[in-house]
Amino acid sequence: MKRFRNTYKLLSIAVVFSILWSCSEEFTNRPPEDGISLDAYYSTNAQVESATNGMYARTWFQFHNKFFFAVAEVGSGNMYSGSSDVSAMRNFSLNGSDPELNQGWRSLWANVAQANAIINFLADRVGPGVDDEVLQNTIGEAYFMRATAYFYLVRLWGPVPIIENNLDYVSTPNINTNRIEDIYTLIESDYNMAIEKLYAKVRGSNYSANGRVSKGSAKAMLAKVHLYQKEYTEARQLAEEVINSGEFKLLGGAELPGKTFGDLFTYPNNNNEESIFALQWVTDGNYGSASNCNTQFGISTAALTTSNASYGGVFAPSQDVLDLYEPGDARKNETIMFPGNSYPNMKVIVNGTTEQVGFTVPAADQIGGQGAGMAIKKYCQGIVNGNATGPIDAWAMMENNTYIMRYADLLLIHAEAVLAGGGSTSDASALASFNAVRARANQPVATSITFDDIFLERRRELCFEGDFWFDLGRLPRAQAIAFIAAQNRGNMFTAEYFTPDESDFYLDYPDNDVAKNPLLLADPVPYNFN
């Protein structure tokens with residue numbers, strides 16, 4: 001692969017740290033990029049299919065490792081942290097010098113750059129033995145990934161540069177940002193290209209076949225993009241196409257009653273029928289290939305730890321989510337570890353040495369970590385325990401997937417798209433989608449729903465999955481500011497309240513990149529779509 005890397009030069013804002021990984025269709029087999037010559041490599045279908053493997057994990061790692069939760073969950077008031085590297089959004093002091101902000105920014109641009117490499121160059125580097133549908137599907141995956149990276153960029157930073165081919169800017173690395181509406185145009189175009197090129201699928205019980213994105217995945221993500229722009233007709237149409245296709249199902253819902261909400265976040269259920277797009281972590285011996293959620297969440301004290309690492313509990317639930325769930329909600333104990341909760345299947349370490357399966361959450365003042373009095377259950381699986389948790393690497397990171405989107409999200413998008421900004425709706429299709437999510441959680445069905453009902457249900461369903469900050473961003477600014485200002489953003493010992501201002505809903509550009517490209521601070525310009 002050296003030949004390709006030498007011709008694909010990097011911009012300061014688009015660092016590629018893993019261009020075109022892997023030689024197997026499996027995510028777990030990814031040889032070093034320097035050991036492969038691109039022109040000689042892509043001679044079979046399997047080799048072409050492997051070109052996007054790294055884009056399901058490694059390119060997302062620094063975005064996901066801390067930044068994603070530090071902004072989307074701490075910022076939204078769902079999570080609390082007192083750790084200095086991830087707590088700035090608690091009081092809205094995050095700025096362009098923050099190392100984790102820089103990591104998240106670079107990671108998203110790495111996704112853009114790697115997608116650009118595939119979109120622009122892969123077709124010229126495949127042999128005659130490669131089927132065109134395989135090539136087109138792989139390019140479709142790249143369009144999907146670029147759209148998803150830009151969807152995060154525009155929601156986090158607002159105006160950013162549109163880069164469709166990095167080589168276009170080698171000699172002119174100072175690049176203007178583009179208008180938000182233009183970025184959304186690119187995102188829509190990319191998802192539509194993905195819809196055109198990707199395979200159609202039906203997610204079945206063979207989970208090993210479900211890891212890659214599909215036409216349905218792209219339609220679902222595009223429905224969300226339209227919803228963010230209040231394009232309700234388009235969002236509804238796409239959501240209904242996905243729903244009617246039967247590709248996805250709620251795990252533990254009426255069609256899959258043998259599973260539960262809690263099963264969504266366990267290793268054996270990676271790539272289950274509900275998963276629309278999930279990051280595919282692997283323990284391949286390299287730092288940055290697996291997920292650290294099991295350590296970052298959970299409990300870590302001298303008396304009890306839920307991770308193999310020597311530290312843990314960097315993130316905790318906020319005081320604002322203490323009363324988020326209604327009585328009997330099946331999501332409550334699978335999202336938050338409250339004192340007295342029992343988890344009979346989780347393996348833990350007691351008193352620093354003794355391993356045991358099953359434990360009861362200790363008293364609030366004994367949970368440790370952030371002084372929150374609770375711990376995060378979602379994505380926390382316990383110490384390594386065979387197939388129950390999957391493999392673990394040298395950094396105590398694991399292979400349990402991270403959802404970017406799942407079917408419950410789409411159902412709630414559908415209900416909101418049917419509501420279409422109205423006061424309330426009793427539309428049967430909207431209620432069917434909304435109540436399917438409620439029923440899986442063991443909650444009573446509704447006969448009429450409002451935006452506030454859907455907004456609250458989204459928070460309950462997707463809590464700690466990196467979505468609520470973006471939902472708050474969809475509210476009128478005054479309403480979002482008032483909502484956040486009313487949150488107790490402290491710990492169990494000290495209540496704290498912070499009021500964001502208008503500028504806090506978009507992040508600062510990294511200082512280093514502004515120094516290299518001052519045009520980041522200039523007014524955004526229209527993008528010329530050829």
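Bear in mind that the values here come from a model prediction, so they are computed numbers and not experimental data.
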**Q.** Whether over 12 other heavy atoms sit under 6.0 Å from Asp501 CG
**A.** yes
Q) Should Glu247 and Lys215 count as an ion pair when the cut-off is N to O under 4.0 Å? A) no
Q) Can you check whether Val74's main-chain N or O pairs, donor with acceptor, with Arg489's side chain at less than 3.5 Å? A) yes
(Q) Has Asn294 got a side-chain atom pairing as donor or acceptor with Ser307's backbone, closer than 3.5 angstrom? (A) no
Q. Under the 3.5 angstrom rule, does the side chain of Ser433 hit a backbone N or O of His414 as a donor-acceptor pair?
A. no
Q) Of all heavy-atom pairs between Gly158 and Ile183, which one has the smallest distance, and what is that distance? A) O-CD1, 3.6 Å
(Q) For Tyr56 and Trp281, I'd like to know if the aromatic rings sit close, meaning centre-to-centre distance below 6.0 Å. (A) no
Q. Can you tell me if Glu416 uses its side chain to pair, donor with acceptor, with the backbone of Ile454 under 3.5 Å?
A. no
Q: Without swapping roles, check the side chain of Tyr184 against the backbone of Phe151 for a donor-acceptor pair under 3.5 Å.
A: no
Q: Establish, yes or no, whether the cationic atom of Lys332 lies under 6.0 Å from the six-membered ring centre of Phe338 and within 45° of the ring axis.
A: yes
Q: Give a yes or no on whether the backbone of Ile163 and the side-chain of Asn116 come within a donor-acceptor separation of less than 3.5 Å.
A: yes
**Q.** Pair Lys224-Asp409, salt bridge (charged side-chain N to carboxylate O under 4.0 Å, His left out): steps then yes or no
**A.** CA-CA 9 Å; Lys224 192 166 189 170; Asp409 187 359; 2.7 Å; yes
Q.
Donor-acceptor pair, distance only, cut-off 3.5 Å: does the side chain of Asp453 make one with the backbone of Thr450?
A. yes
Q. What class does the angle between the rings of Phe67 and Trp157 fall in, given that below 30° is parallel, 30 to 60° is tilted and above 60° is perpendicular?
A. parallel
**Q.** side chain to side chain contact (heavy atoms under 4.5 Å, CB included) partner of Leu153, chosen from Ile187, Val112, Ile162
**A.** Val112
**Q.** Arg331/Glu334 under salt bridge (charged side-chain N to carboxylate O under 4.0 Å, His left out): CA gap, chis, key distance, verdict
**A.** CA-CA 5 Å; Arg331 296 168 295 198; Glu334 298 296 342; over 6 Å; no
(Q) Donor-acceptor pair, distance only, cut-off 3.5 Å: does the side chain of Ser76 make one with the backbone of Glu73? (A) yes
Q | Residue from Phe69, Trp105, Tyr152, Trp109 passing ring-ring contact (aromatic ring centres under 6.0 Å, His included) with Phe63 | A | Tyr152
Q. Between Asp182 and Arg179, does a salt bridge (charged side-chain N to carboxylate O under 4.0 Å, His left out) hold up when you go through it step by step?
A. CA-CA 5 Å; Asp182 292 334; Arg179 303 176 305 175; 2.9 Å; yes
Q. Do any N or O atoms from the side chain of Lys249 and from the backbone of Glu273 form a donor-acceptor pair under 3.5 angstrom?
A. no
Q) Within the distance-only criterion (no hydrogens, no angle test), does the side chain of Asp98 pair as donor or acceptor with the backbone N or O of Leu101 below 3.5 angstrom? A) yes
Q) With a distance cut-off below 6.0 Å to the six-membered ring centre and an angular limit of 45° from the axis, does Arg155 pair with Tyr228 as a cation-pi contact? A) yes
Q | Glu326 with Arg460: basic N within carboxylate O range, under 4.0 Å | A | yes
Q. Hey, is Asp320 close enough to Arg459 for a salt bridge, meaning N to O under 4.0 Å?
A. yes
**Q.** Option among Asn270, Asp263, Asn269 that satisfies the side chain to side chain donor-acceptor pair (under 3.5 Å) test with Thr266
**A.** Asn269
Q: With salt bridge (charged side-chain N to carboxylate O under 4.0 Å, His left out) as the test, would you mind laying out the steps for Glu461 and Arg440 before giving the verdict?
A: CA-CA 10 Å; Glu461 178 70 23; Arg440 197 253 302 268; 2.9 Å; yes
**Q.** Centroid separation Phe61 to Tyr287 less than 6.0 Å
**A.** yes
(Q) Check for me whether the distance between the ring centres of Phe277 and Phe144 falls short of 6.0 Å. (A) yes
Q: Let me see the working for Arg406 and Ser275 under side chain to side chain donor-acceptor pair (under 3.5 Å), right down to the final yes or no.
A: CA-CA 5 Å; Arg406 54 187 177 85; Ser275 181; over 6 Å; no
**Q.** Non-hydrogen side-chain atoms of Met374 and Met337 separated by less than 4.5 Å
**A.** no
(Q) My understanding is that only one of Lys219, Met221, Glu231 makes a side chain to side chain contact (heavy atoms under 4.5 Å, CB included) with Leu238; could you say which? (A) Lys219
Q. Between Phe468 and Phe455, does the ring centre distance come in under 6.0 Å?
A. yes
